[in-house]
Amino acid sequence: MPTVKSLDDLKKIREEALKKQQMKETSGKKEVIVGMGTVGIAAGARETLKAILDIIEEDNLEDIIVRQTGNIGLDSFEPIVQVILPGQEKVTYGKVNGEMARKIITKHVVGGEIVKEYKIEG
(Lines give C-alpha, C1' and ligand atoms only; values in the text may rest on other atoms or scores of the structure.)
Protein backbone atom coordinates (compact mmCIF):
# COMPACT_ATOMS: atom_id res chain seq x y z
CA MET A 1 0.00 0.00 0.00
CA PRO A 2 1.41 3.40 -0.95
CA THR A 3 2.33 5.89 1.73
CA VAL A 4 0.03 8.90 2.05
CA LYS A 5 2.07 12.06 2.59
CA SER A 6 -0.35 14.69 1.34
CA LEU A 7 -3.93 15.35 0.38
CA ASP A 8 -2.95 14.93 -3.29
CA ASP A 9 -1.60 11.44 -2.56
CA LEU A 10 -4.89 10.56 -0.90
CA LYS A 11 -6.89 11.95 -3.86
CA LYS A 12 -4.74 9.95 -6.29
CA ILE A 13 -5.31 6.72 -4.33
CA ARG A 14 -9.06 7.44 -4.25
CA GLU A 15 -9.20 8.06 -8.00
CA GLU A 16 -7.33 4.83 -8.71
CA ALA A 17 -9.67 2.88 -6.40
CA LEU A 18 -12.74 4.40 -8.07
CA LYS A 19 -11.36 3.57 -11.52
CA LYS A 20 -10.83 -0.06 -10.51
CA GLN A 21 -14.32 -0.19 -8.99
CA GLN A 22 -15.80 1.15 -12.25
CA MET A 23 -13.95 -1.58 -14.13
CA LYS A 24 -15.75 -4.16 -12.00
CA GLU A 25 -19.14 -2.60 -12.70
CA THR A 26 -18.77 -1.74 -16.40
CA SER A 27 -21.22 -3.59 -18.55
CA GLY A 28 -19.83 -5.54 -21.47
CA LYS A 29 -19.96 -8.82 -23.23
CA LYS A 30 -17.05 -10.73 -21.72
CA GLU A 31 -17.14 -11.76 -18.09
CA VAL A 32 -14.37 -12.79 -15.70
CA ILE A 33 -15.44 -14.15 -12.30
CA VAL A 34 -13.04 -14.62 -9.40
CA GLY A 35 -13.97 -16.90 -6.49
CA MET A 36 -13.49 -14.86 -3.33
CA GLY A 37 -14.70 -17.26 -0.64
CA THR A 38 -12.57 -17.71 2.46
CA VAL A 39 -10.63 -20.60 0.91
CA GLY A 40 -10.02 -18.58 -2.26
CA ILE A 41 -8.80 -15.57 -0.31
CA ALA A 42 -6.53 -17.78 1.78
CA ALA A 43 -5.12 -19.28 -1.43
CA GLY A 44 -4.39 -15.86 -2.97
CA ALA A 45 -7.60 -14.84 -4.77
CA ARG A 46 -7.12 -11.17 -3.84
CA GLU A 47 -3.76 -11.12 -5.62
CA THR A 48 -5.32 -12.89 -8.61
CA LEU A 49 -8.18 -10.36 -8.76
CA LYS A 50 -5.72 -7.46 -8.48
CA ALA A 51 -3.58 -8.95 -11.26
CA ILE A 52 -6.64 -9.27 -13.53
CA LEU A 53 -7.69 -5.67 -12.89
CA ASP A 54 -4.12 -4.46 -13.44
CA ILE A 55 -3.86 -6.35 -16.76
CA ILE A 56 -7.14 -4.87 -17.98
CA GLU A 57 -6.02 -1.39 -16.99
CA GLU A 58 -2.48 -1.70 -18.39
CA ASP A 59 -3.67 -3.08 -21.72
CA ASN A 60 -6.64 -0.64 -21.90
CA LEU A 61 -9.04 -3.53 -22.43
CA GLU A 62 -12.74 -2.71 -22.68
CA ASP A 63 -16.05 -4.57 -22.57
CA ILE A 64 -14.88 -6.93 -19.83
CA ILE A 65 -16.91 -7.35 -16.67
CA VAL A 66 -14.90 -8.49 -13.65
CA ARG A 67 -17.01 -9.89 -10.82
CA GLN A 68 -16.30 -11.44 -7.49
CA THR A 69 -18.29 -14.35 -6.15
CA GLY A 70 -18.19 -16.53 -3.08
CA ASN A 71 -16.93 -20.07 -2.87
CA ILE A 72 -17.22 -21.82 -6.24
CA GLY A 73 -17.03 -25.25 -4.59
CA LEU A 74 -13.69 -26.57 -5.77
CA ASP A 75 -11.53 -25.67 -2.76
CA SER A 76 -8.47 -27.64 -3.82
CA PHE A 77 -8.27 -25.57 -7.05
CA GLU A 78 -8.43 -22.10 -5.47
CA PRO A 79 -7.90 -19.39 -6.58
CA ILE A 80 -10.50 -20.09 -9.24
CA VAL A 81 -11.27 -17.86 -12.23
CA GLN A 82 -14.20 -18.40 -14.58
CA VAL A 83 -14.44 -16.87 -18.05
CA ILE A 84 -17.71 -16.46 -19.91
CA LEU A 85 -17.62 -15.25 -23.49
CA PRO A 86 -20.75 -14.53 -25.53
CA GLY A 87 -22.19 -17.66 -27.09
CA GLN A 88 -19.71 -19.98 -25.36
CA GLU A 89 -19.82 -22.20 -22.30
CA LYS A 90 -18.26 -21.05 -19.05
CA VAL A 91 -14.62 -22.12 -18.65
CA THR A 92 -13.21 -22.64 -15.15
CA TYR A 93 -9.51 -22.23 -14.40
CA GLY A 94 -7.80 -23.39 -11.20
CA LYS A 95 -4.86 -22.34 -9.04
CA VAL A 96 -4.64 -19.07 -10.96
CA ASN A 97 -1.79 -16.73 -10.03
CA GLY A 98 -0.92 -13.37 -11.60
CA GLU A 99 1.15 -14.83 -14.42
CA MET A 100 -1.56 -17.35 -15.30
CA ALA A 101 -4.16 -14.58 -15.13
CA ARG A 102 -2.27 -12.60 -17.78
CA LYS A 103 -2.22 -15.61 -20.10
CA ILE A 104 -5.93 -16.29 -19.50
CA ILE A 105 -6.87 -12.67 -20.18
CA THR A 106 -4.74 -12.28 -23.30
CA LYS A 107 -5.34 -15.71 -24.86
CA HIS A 108 -8.90 -16.53 -23.81
CA VAL A 109 -10.72 -13.30 -22.97
CA VAL A 110 -9.11 -11.24 -25.75
CA GLY A 111 -8.12 -13.94 -28.25
CA GLY A 112 -10.96 -16.41 -27.68
CA GLU A 113 -8.60 -19.39 -27.27
CA ILE A 114 -9.08 -21.52 -24.13
CA VAL A 115 -5.89 -22.02 -22.10
CA LYS A 116 -6.22 -25.78 -21.76
CA GLU A 117 -3.29 -26.32 -19.38
CA TYR A 118 -5.01 -24.24 -16.64
CA LYS A 119 -8.57 -25.42 -17.27
CA ILE A 120 -10.37 -27.52 -14.67
CA GLU A 121 -11.96 -30.45 -16.44
CA GLY A 122 -15.36 -31.66 -15.39
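Just the heavy atoms: all of them, side chains too, but no hydrogens, waters or symmetry mates, feed the values below. Given the structure is predicted, the values throughout are model-derived calculations rather than measurements.
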Exercise. Side chains of Thr38 and Asn71: closer than 4.5 Å at any heavy-atom pair?
Worked result: no

Exercise. Do other residues, nucleotides or ligands put more than 12 heavy atoms under 6.0 Å from Glu62 CD?
Worked result: no

For this session: Tell me, yes or no, whether the heavy-atom count around Glu117 atom CD, taken from other residues, nucleotides or ligands under 6.0 Å, exceeds 12.
Result: yes

Seminar exercise, completed: Between the CG atom in Leu49 and the CG atom in Leu53, the distance rounded to the nearest 0.5 Å is 4.5 Å

Problem set entry | From Gln82 atom CD to Ile84 atom CD1, the distance as rounded to the nearest 0.5 Å | 6.5 Å

Exercise. Of all heavy-atom pairs between Ile80 and Glu78, which one has the smallest distance, and what is that distance?
Worked result: N-OE1, 3.2 Å

Exercise. Can you tell if the side chain of Arg14 reaches within under 4.5 Å of the side chain of Leu18, non-hydrogen atoms only?
Worked result: yes

Seminar exercise, completed: Smallest heavy-atom separation, Val115 atom then Lys103 atom, equals CG2-O, 3.9 Å

Exercise. Between the side chain of Lys30 and the main-chain N/O of Val109, is any donor-acceptor distance below 3.5 Å?
Worked result: yes

For this session: For residues Gln88 and His108, determine if any side-chain heavy atom of one lies less than 4.5 Å from a side-chain heavy atom of the other.
Result: yes

Exercise. Would you say Asn97's side chain and Glu99's backbone share a donor-acceptor pair under 3.5 angstrom?
Worked result: yes

Exercise. For the residue pair Met36 and Ala45, what are the closest heavy atoms and their distance?
Worked result: SD-CB, 3.5 Å

Problem set entry | Approximate separation, where rounding is to 0.5 Å, of Leu10 CG and Glu15 CD | 10.0 Å

Exercise. Do any N or O atoms from the side chain of Thr48 and from the backbone of Val96 form a donor-acceptor pair under 3.5 angstrom?
Worked result: yes

Problem set entry | Same apolar cluster (I L V M F W Y, side chains within < 4.5 Å links), Ile33/Ile52 | no

Exercise. Nearest 0.5 Å, what's the CD1-CD distance between Ile56 and Glu58?
Worked result: 10.5 Å

Exercise. Testing Ile72, Thr92, Val91, Val81 for side-chain contact (heavy atoms from CB on, under 4.5 Å) with Ile120, which one passes?
Worked result: Thr92

Exercise. Atom CD1 in Ile105, atom CG in Asp59: separation rounded to 0.5 Å?
Worked result: 9.5 Å

Seminar exercise, completed: Correct closest heavy-atom pair for Met100 and Lys95 would be SD-O, 3.0 Å

Exercise. According to a 4.5 Å side-chain heavy-atom criterion applied to Ile, Leu, Val, Met, Phe, Trp and Tyr, with indirect links allowed, do Phe77 and Ile41 form part of one hydrophobic cluster?
Worked result: no

For this session: Report yes if the side chains of Tyr93 and Ile114 come closer than 4.5 Å at any heavy-atom pair, otherwise no.
Result: yes

For this session: Look up atom CD1 in Ile104 and atom CD1 in Ile55, then write down how far apart they are to the nearest 0.5 Å.
Result: 9.0 Å

